[in-house]
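Everything numeric here is computed off the predicted structure, so don't read it as measured data.
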Amino acid sequence: MNADADKRFLVAEIQRFCMRDGPGVRTTVFLKGCPLRCAWCHNPEMRGPGKQLLFYEKKCIYCASCELCKNGVHGFEGGRHVLDRTKCSACGYCVSVCPTGALEICGKEMTAREITAEVMRDAAFYGEKGGVTLSGGEPLLRKKSVSLLKTLKEAGLNTAVETCGFVDFGNISGAAKYVDLFLWDIKDTDPARHEKYTGVSNERIIANLKAADRLGAKTRLRCILVNGVNTDAAHYAAVAALLKSLENCEGVDVLPYHSYGGAKAEFIGLPDNGNDALIPSEEQIKEAKSVMTK
Ligand code: SF4
Ligand code: SF4
């Protein structure tokens, strides 16, 4: 194994037997930290770069064991458990004393070697197509992710990376040597609208995608469909034109918005901003697919 195998990563979650994160059966490793702030984020607990305390209010029995937190994060007011998260250092003490699993730390430090060993536990299920997918958060946010991909590749794994593309191009070109498929998010083709709903323009994302394509990187475009935001003919046509302009892109996946991420926001103390009105209709999905994948 390479010398970088002992580099450490903050892993938010490892999901097994995933069928939608690339070809075949895959194990998906979610890394913490993302440069975007999508209004419809489905993994809000993975956006922050550091460890983070999650609180599942429905599991809390108000036993007050967690009140012993040395930073005074936990309190009880008017029959409710309230948290002052600004004081939390994510030390994990309260998690260890909670009897019901109402508290959890999102973010576990693991070396590339440890992540690879964890992924290899499922090797018997991968078959010819399956393997590992890095997701997040944004897995290419840090340059050292290249060493993780190198370690996974040296273990003989098929590798995919789900990226928002808003990262240093050096991280992408470095990773490309060890990545079989980039799942490239195109959240919107309109730069102003992209900035409004994600916090950044899409210009760098598209430029990085085209540069990766020129390098020969194999990609699939992943297009979230959000009713009333990007469910318009001009966007569908722009995705189709983008697909046509790429030499090494194998196709487009249309992913309908769902409101599950909104509910997850509550676990990190943010309001549930899930909105079922943003779910596209079957007709919209059909129309988007028929134009985008032409
Ligand atoms: S993780 Fe540590 S600092 Fe944060 S609330 Fe729990 S005990 Fe307090
Ligand atoms: S220790 Fe767990 S169950 Fe008890 S009050 Fe704290 S969060 Fe709720």
Side-chain angles (χ1 to χ4, degrees), residues 1-35 43 45-52 89-92 95 104-185 208 211-212 215-220:
M1 215 171 252
N2 69 74
D4 288 334
D6 289 322
K7 285 199 175 148
R8 302 182 82 77
F9 298 86
L10 205 51
V11 176
E13 192 177 352
I14 296 181
Q15 279 180 10
R16 303 181 180 284
F17 306 110
C18 303
M19 301 300 290
R20 295 183 177 178
D21 294 334
V25 177
R26 309 194 73 83
T27 301
T28 303
V29 179
F30 294 85
L31 300 178
K32 286 273 287 168
C34 183
N43 288 331
E45 76 282 21
M46 299 181 196
R47 285 190 306 221
K51 291 184 184 178
Q52 214 164 355
S89 61
C91 72
V95 176
E104 188 185 343
I105 295 290
C106 180
K108 180 184 175 190
E109 278 201 13
M110 296 177 76
T111 64
R113 194 188 309 273
E114 288 166 341
I115 294 169
T116 303
E118 200 58 32
V119 170
M120 288 303 287
R121 286 175 57 197
D122 302 330
F125 302 98
Y126 296 148
E128 278 184 23
K129 290 185 181 170
V132 61
T133 299
L134 296 191
S135 184
E138 170 49 58
L140 297 180
L141 190 60
R142 296 171 192 86
K143 193 175 179 191
K144 67 179 179 179
S145 295
V146 174
S147 60
L148 173 56
L149 286 158
K150 184 179 178 196
T151 307
L152 292 163
K153 204 68 196 137
E154 283 179 358
L157 287 156
N158 176 288
T159 56
V161 169
E162 186 183 3
T163 183
C164 72
F166 193 82
V167 295
D168 288 344
F169 186 69
N171 299 0
I172 296 166
S173 59
K177 284 176 259 178
Y178 310 111
V179 174
D180 293 299
L181 180 65
F182 287 92
L183 303 167
W184 206 291
D185 292 345
N208 278 347
L215 280 184
K218 201 164 145 197
T219 55
R220 272 194 83 80

Asker: If we count only N and O atoms by modelled type, under 3.5 Å, do the side chains of Tyr178 and Thr151 hold a donor and an acceptor together?
Answerer: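 No.
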Asker: Would you say Lys32's side chain and Glu45's backbone share a donor-acceptor pair under 3.5 angstrom?
Answerer: yes
Asker: When rounded to the nearest 0.5 angstrom, what distance separates CG in Leu181 from NZ in Lys129?
Answerer: 12.0 Å
Asker: Which atom pair, heavy atoms only, marks the closest approach of Gly107 to Leu10?
Answerer: C-CD1, 3.7 Å
Asker: Would you name the heavy atoms of Thr159 and Val179 that are closest together and state the gap between them?
Answerer: OG1-CA, 3.2 Å
Asker: Given 3.5 Å as the limit, does a donor-acceptor pair link the side chain of Lys144 with the main chain of Asp4, or not?
Answerer: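 No: the side chain of Lys144 does not pair with the backbone of Asp4.
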Asker: Does this structure show an ion pair linking Arg16 with Glu118, if we count only N-O contacts that are shorter than 4.0 Å?
Answerer: yes
Asker: So which heavy atom on Arg142 is nearest to which on Pro49, and how close?
Answerer: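 Heavy atoms of Arg142 and Pro49 come nearest at NH2-CB, 3.6 Å.
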Asker: Using side-chain heavy atoms (C-beta onward) and a distance below 4.5 Å, is Val11 in contact with Leu31?
Answerer: yes
Asker: Look only at the side chain of Ser145 and the backbone of Pro139, and say whether a donor-acceptor pair between them is shorter than 3.5 Å.
Answerer: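 It does hold such a pair.
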Asker: Out of the candidates Val29, Thr28, Leu183, only one should pair with Leu134 under the side-chain contact (heavy atoms from CB on, under 4.5 Å) rule; please name it.
Answerer: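 Filter result, single survivor: Val29.
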Asker: Does any part of the side chain of Pro35, heavy atoms only, come nearer than 4.5 Å to the side chain of Leu141, both counted from C-beta?
Answerer: yes
Asker: Quick one, Phe30 and Gln15 - any side-chain contact, counting heavy atoms below 4.5 Å?
Answerer: yes
Asker: Using a 4.5 Å cut-off on heavy atoms from C-beta on, say whether the side chain of Glu13 contacts that of Met46.
Answerer: yes
Asker: Please examine the side chains of Cys18 and Thr133, heavy atoms only from C-beta on, and report whether any two atoms are closer than 4.5 Å.
Answerer: no
Asker: Could you walk me through whether Val25 and Met19 satisfy the side-chain contact (heavy atoms from CB on, under 4.5 Å) test, starting with their C-alpha distance in whole Å, then the side-chain angles of each, then the deciding distance to 0.1 Å, before giving a yes or no?
Answerer: CA-CA 5 Å; Val25 177; Met19 301 300 290; 3.8 Å; yes
Asker: Can any side-chain N or O of Asp168 pair as donor or acceptor with the backbone N or O of Lys143 at less than 3.5 Å?
Answerer: no
Asker: Less than 4.5 Å apart, any side-chain heavy atom of Asn158 and any of Tyr126?
Answerer: no
Asker: Do Asp6 side-chain atoms and Thr111 backbone N/O form a donor-acceptor pair below 3.5 Å?
Answerer: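 No: the side chain of Asp6 does not pair with the backbone of Thr111.
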Asker: Between Asp180 and Ala160, is there a donor-acceptor pair closer than 3.5 Å when you use the side chain of the first and the backbone of the second?
Answerer: no
Asker: What is the distance from atom NZ of Lys108 to atom CD of Glu114, rounded to the nearest 0.5 Å?
Answerer: 7.5 Å
Asker: Taking Asp21 first and then Arg26, would you say they form a salt bridge - that is, a charged N and a carboxylate O separated by under 4.0 Å?
Answerer: no
Asker: Roughly how far apart are Glu109 CD and Phe9 CZ, rounded to 0.5 Å?
Answerer: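 Going from CD on Glu109 over to CZ on Phe9, the span is 11.0 Å.
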Asker: As an exercise, state the distance from CG of Asn208 to CZ of Phe169, rounded to the nearest 0.5 Å.
Answerer: 6.0 Å
Asker: I want to check something: taking the side chain as every heavy atom from C-beta on, are Thr163 and Ile172 in contact at a cut-off of under 4.5 Å?
Answerer: no
Asker: For the atom pair CG (Leu149) and CD (Glu154), what is the distance rounded to the nearest 0.5 Å?
Answerer: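 Leu149 atom CG to Glu154 atom CD measures 11.5 Å (nearest 0.5 Å).
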Asker: Should we say atom CZ of Arg20 is surrounded by more than 12 heavy atoms from elsewhere, each under 6.0 Å from it?
Answerer: no
Asker: Enter the distance from Lys7:NZ to Leu148:CG here, rounded to the nearest 0.5 Å.
Answerer: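 So the NZ of Lys7 and the CG of Leu148 are separated by 10.5 Å.
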Asker: Do you know the tightest heavy-atom contact between Leu215 and Ser173?
Answerer: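 Minimum heavy-atom separation between Leu215 and Ser173: CD1-CB, 3.6 Å.
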